[in-house]
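Chain A is the first sequence line, chain B the second, and so forth, proteins listed ahead of strands; every chain is numbered from 1. Bear in mind that the values here come from a model prediction, so they are computed numbers and not experimental data. Atoms considered below: every heavy atom in the structure, side chains included; atoms not considered: hydrogens, waters and symmetry mates.
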Amino acid sequence: MELRDIIVLVKASLNPEIVRQNPNGSYDIEYTPLKISDIDRNALEEAVKLKSILGGKVYAISVLTWGPLKTRDKDLRLAIQEALAKVADEAYVVADDSVTPTDQVIVSNIIATLIKAKGLRPALVLAGEASIDESTSQVPARVASKLGYSYVGYVRKIIDIKNGKIIVERDLEEYTEILESPLPAVLSVTQEINEPRPPTLIQIRMASKKPVHYVSLKDLGLEFKMKRTIMDMRVLTITRKQVVIEEANVEKAVDRLLEYLEKEGVLRI
Amino acid sequence: MQNIIVVSQKPSDLGELIAIARRLGEPLILAFQESAVSINEITGYGHKVYRLNSDRPEALYYAIKSLYDSLKPKLIIGPTTKNVKDALSLFAGLYDIPLATDVSSIEDRGDEVIYKRGFLSERVIMTASVRKPAILLVKPKIVSPAEKIGKSDVIDLEVTAGDVKLLERKPKVLSGIKLEDADIVVGVGRGFKSREDLKLALELANLLGGQVGGTRPIAADYKWLPEDAWIGISGKRIAPKLYIAIGISGAPQHMSGVSDSKIIVAINKDKSAPIFKLSDYGIVNDLYKVLPILISRLKARASQK
Ligand SMILES: Cc1cc2nc3c(=O)[nH]c(=O)nc-3n(C[C@H](O)[C@H](O)[C@H](O)COP(=O)(O)OP(=O)(O)OC[C@H]3O[C@@H](n4cnc5c(N)ncnc54)[C@H](O)[C@@H]3O)c2cc1C
Ligand SMILES: Nc1ncnc2c1ncn2[C@@H]1O[C@H](COP(=O)(O)O)[C@@H](O)[C@H]1O
């Protein structure tokens, strides 16, 4: 039987644009909103294209990384809803406060176990090249390893998919490579692979009718001892002068800027 | 002493990695490179060197697995590069070994290791402890390179490259300019309407004696600049005396690459762009109005001298 389905890994990440500080200088994680990790949107967009070629179903999988679920539920749902609105037919969500904040060892174990337990047999698992909070680029490769699937990271172009094989372009620091991988494969995609379009209103409305399966660790027969303990998260305070010149007369604005730079001693002419 | 495997992708990074590893235990080097790694560059640190004649992550995965299985190291240290991240994440998944990237400090505590790493585009520093064995991929330039101290045995590794086939490799066109060495950097973003218009930024940089860099979309997506001019968390980290961000919104992933700059200037027509809160001086106006005047003022200054 030819593999036709696609799984997209979607993470509700802490938003790096909103960094609040507790009075003691530590990072105020509790009230930081979660949002879908930017590059997962590229993975969803690519799934739209691939679904039309493969003709199978698309599943979104998300594991809650930052708890507690009580305060994160709305943000998590929004991320999943975006996946459903864009392309996914169904979503699987694991949100268990006993493993938040989760580490990448546990996340990849949950994802791989879930895929096996639910009998999913995807041709492709698509993920982002890096999440916007942790940015470790390791979850997709770990999942591949656990499932025994092939893996290609940093895919900036899917060139062809047929006969149980996929040809992709991998974007590395100093060169690009054309690679051929057997299926099933896990691919992490880069931001340059496509231009994600936001879902339409109709798509968003349709999404609410699609099934979302909440799966507990108990359902999966999993129990974890955390390997990573976060001891501290400290905000790096950025102290910039923030002098904003709103002078409408451009000549005057430029002269003021040059005066400032002169005083700072950073101009050589 | 505990064995530490040091994975080296570029001989030039090896000195720093060895300096970190020596403090933690007995380093064993796994060096991988496309063409035969030049022996002189990777030997002399006084340790055993395992040499892999391939720079593909698929091969590195098998190499690290075979070394790990036979040597059972407690720590694996390497650079935070794409190939190393890919290979070691695959390997880490196999044995559920914790892995951290962009690590800026390491403290050994017996059964555990404590490290610091940038988090949320480096706006937050995370301190975490993990149980060993652990893989720590470090940031460049957190220590000074170690000196060479003695002889090394070199052992060649033979491994397969797995089931992903390499059909073609194309080198990128890079400028070769060392943006990280420039005193003044002019950064360009999507506020520029065309590649042609970047000549305004080039002229400004020339007048100031600086270099031009840009945001990820400009370099990686539009390819208006070579990729070694890409500044940010997934590109270069720079620390010039003066960084002038033009038509750049100030996304955290970009700003983390310039946060060590002495002075940051922003030119952006949108008053609410986040960049103004992350800069020392800013002009709220159209770059197409500001740059010609800035350039002519600087020309006038230059001719007065
Ligand atoms: C995991 C990850 C890693 C990333 N890594 C990087 C990285 O390393 N480096 C990086 O740069 N980005 C990176 N990004 C992308 C980053 O999030 C932003 O998308 C990007 O930096 C935005 O680039 P920009 O400022 O050029 O464009 P935009 O955000 O589109 O900003 C353009 C700005 O130009 C202004 N403008 C428009 N016209 C004019 C005009 N005529 N005059 C003056 N101003 C004008 C606008 O007001 C706007 O503020 C990464 C993203 C992710 C998710
Ligand atoms: N908790 C999670 N749930 C679902 N997918 C995830 C999760 N964490 C990471 N991923 C996927 O792995 C990619 C890389 O994440 P990271 O390894 O954290 O940089 C993300 O873009 C997601 O596609």
Side-chain angles (χ1 to χ4, degrees), chain A residues 14 16-17 19 27 103-105 108-109 133-138 141-146 150-154 172-182 191-192 227-236 238 240-246 250-251 253-254 257-258 260-261 264 266 268-269, chain B residues 81-83 85-86 89-90 92-94 96 98-99 101 119-131 163-172 207-209 220-221 233 241-242 252 259 262-265 276-285 289-290 293-294 297-298 301-302 305:
Chain A
L14 294 164
E17 280 154 49
V19 173
Y27 170 50
D103 64 30
Q104 294 85 0
V105 173
S108 47
N109 268 294
D133 46 11
E134 291 259 22
S135 298
T136 69
S137 306
Q138 60 175 297
R142 280 183 185 274
V143 169
S145 209
K146 304 216 83 67
S150 303
Y151 169 76
V152 184
Y154 305 101
L172 298 169
E173 286 93 347
E174 283 163 20
Y175 43 83
T176 56
E177 292 175 335
I178 311 288
L179 300 160
E180 182 190 277
S181 168
Q191 198 169 35
E192 287 74 31
K227 291 208 176 170
R228 178 178 78 172
T229 311
I230 297 175
M231 301 162 71
D232 184 45
M233 291 202 254
R234 206 133 288 274
V235 175
L236 279 185
I238 306 161
R240 294 282 168 194
K241 298 190 178 82
Q242 301 182 23
V243 177
V244 180
I245 306 167
E246 279 183 77
V250 184
E251 268 121 22
V254 167
L257 175 67
L258 288 172
Y260 284 126
L261 296 183
E264 295 283 359
V266 290
R268 275 184 292 191
I269 60 167
Chain B
T81 59
K82 290 181 175 175
N83 276 347
K85 280 194 278 191
D86 268 357
S89 301
L90 273 172
L94 197 63
D96 283 343
L99 178 154
T101 55
F119 180 63
L120 290 161
S121 293
E122 311 229 303
R123 292 186 65 184
V124 173
I125 296 292
M126 175 194 285
T127 308
S129 77
V130 286
R131 277 186 279 145
D163 55 7
V164 175
K165 268 197 280 186
L166 176 62
L167 304 182
E168 193 187 338
R169 177 177 285 180
K170 288 179 270 192
K172 287 185 177 171
L207 282 164
L208 293 168
D221 200 7
I233 191 165
K241 290 201 180 78
L242 175 60
S259 58
K262 184 170 172 248
I263 296 291
I264 298 181
V265 170
F276 288 115
K277 292 236 173 348
L278 305 166
S279 305
D280 296 288
Y281 303 101
I283 294 184
V284 183
N285 216 318
K289 290 189 189 140
V290 176
I293 292 169
L294 182 56
R297 287 288 199 273
L298 289 170
R301 283 168 73 105
K305 290 214 172 157

field: Rounded distance [0.5 Å steps], OG in A:Ser145 versus CG in B:Leu94
entry: 4.5 Å
message: Please check: side-chain N/O of A:Glu177 versus main-chain N/O of B:Arg169, any donor-acceptor pairing under 3.5 Å?
response: no
statement: Closest non-hydrogen contact found for A:Gln138 with B:Ser89 is CB-OG, 3.2 Å
field: Partner chain B: residue of A:Gln191, A:Gln104, A:Lys227 with the largest heavy-atom pair count (under 4.5 Å)
entry: A:Lys227
- request: Mind listing the closest non-hydrogen atom pair of A:Ser137 and B:Lys85 along with its distance?
  value: OG-NZ, 3.8 Å
field: Closest approach of A:Ala141 to B:Asp86 (non-hydrogen atoms, all atoms of both residues)
entry: CB-O, 4.1 Å
task: State, yes or no, whether a side-chain contact exists between A:Leu179 and B:Leu167 at a heavy-atom distance under 4.5 Å.
output: no
task: Would you mind telling me which of A:Thr176, A:Val266, A:Val235, A:Val105 has the largest number of heavy-atom pairs within less than 4.5 Å of chain B?
output: A:Thr176
query: Residues in salt bridge (Lys or Arg N to Asp or Glu O under 4.0 Å) with A:Glu264, at least two apart?
result: A:Lys241
task: Flag yes if more than 12 heavy atoms outside B:Lys262 fall under 6.0 Å of its NZ atom; otherwise flag no.
output: yes
- prompt: Residues in salt bridge (Lys or Arg N to Asp or Glu O under 4.0 Å) with A:Asp232, at least two apart?
  reply: A:Arg234
field: Residue pair A:Leu258, B:Leu298: steps toward the side-chain contact (heavy atoms from CB on, under 4.5 Å) verdict
entry: CA-CA 9 Å; A:Leu258 288 172; B:Leu298 289 170; 4.0 Å; yes
message: For B:Val164 and A:Tyr151: C-alpha separation, side-chain torsions, deciding distance, then whether side-chain contact (heavy atoms from CB on, under 4.5 Å) applies.
response: CA-CA 8 Å; B:Val164 175; A:Tyr151 169 76; over 6 Å; no
task: Nearest 0.5 Å please: distance from the CD1 atom of B:Ile283 over to the CD1 atom of A:Ile245.
output: 5.0 Å
- line: Closest non-hydrogen atoms of B:Gly93 and A:Lys146, given as atom of the first, atom of the second and distance, are O-NZ, 2.7 Å
query: In terms of heavy-atom pairs under 4.5 Å with chain A, which of B:Ile125, B:Asp221, B:Val130, B:Thr81 leads?
result: B:Ile125
- line: Separation between CG (A:Leu172) and CG (B:Asn83), nearest 0.5 Å, reads 5.0 Å
- prompt: Going by heavy atoms in the side chains, are B:Asp280 and A:Arg240 under 4.5 Å from each other?
  reply: yes
query: Given A:Met233 and B:Thr127, is the side-chain contact (heavy atoms from CB on, under 4.5 Å) satisfied, shown in steps?
result: CA-CA 6 Å; A:Met233 291 202 254; B:Thr127 308; over 6 Å; no
field: Part of B:Ser129 within contact of chain A (heavy atom distance under 4.5 Å)
entry: both
query: Hey, what's the ring geometry for A:Tyr27 with B:Phe119, parallel, tilted or perpendicular (30° and 60° as the breaks)?
result: perpendicular
query: Any side-chain heavy atom of A:Glu251 sitting closer than 4.5 Å to one from B:Arg297?
result: yes
- line: Max heavy-atom pairs within cutoff under 4.5 Å with chain B, candidates A:Val250, A:Val143, A:Val152, goes to A:Val250
B:Lys82 NZ/CZ over A:Tyr154 ring centroid, <6.0 Å and within 45° of normal: yes
query: If you measure from CG on B:Leu120 to CG on A:Leu14, what distance do you get to the nearest 0.5 Å?
result: 5.5 Å
Side-chain heavy atoms of A:Arg228 within contact of B:Pro98, under 4.5 Å: no
message: Working to the nearest 0.5 angstrom, can you tell me the gap between A:Met231 CE and B:Met126 CE?
response: 12.0 Å
Top contributor to chain B contacts, counting heavy-atom pairs under 4.5 Å, from A:Ser135, A:Pro182, A:Ala144, A:Ala253: A:Pro182
query: B:Thr101, B:Leu278, B:Val124: which one forms the most heavy-atom pairs within less than 4.5 Å of chain A?
result: B:Val124
message: So, taking the atom named CG in A:Asp103 and the one named CG in B:Leu99, what distance separates them when rounded to the nearest 0.5 Å?
response: 11.0 Å
message: If I measure from the heavy atoms of chain A, does B:Asp96 come under 4.5 Å with its side chain, its backbone, both, or neither?
response: both
- prompt: Looking at B:Leu242, B:Ile233, B:Leu207, which one has more heavy-atom pairs under 4.5 Å with chain A than the rest?
  reply: B:Leu242
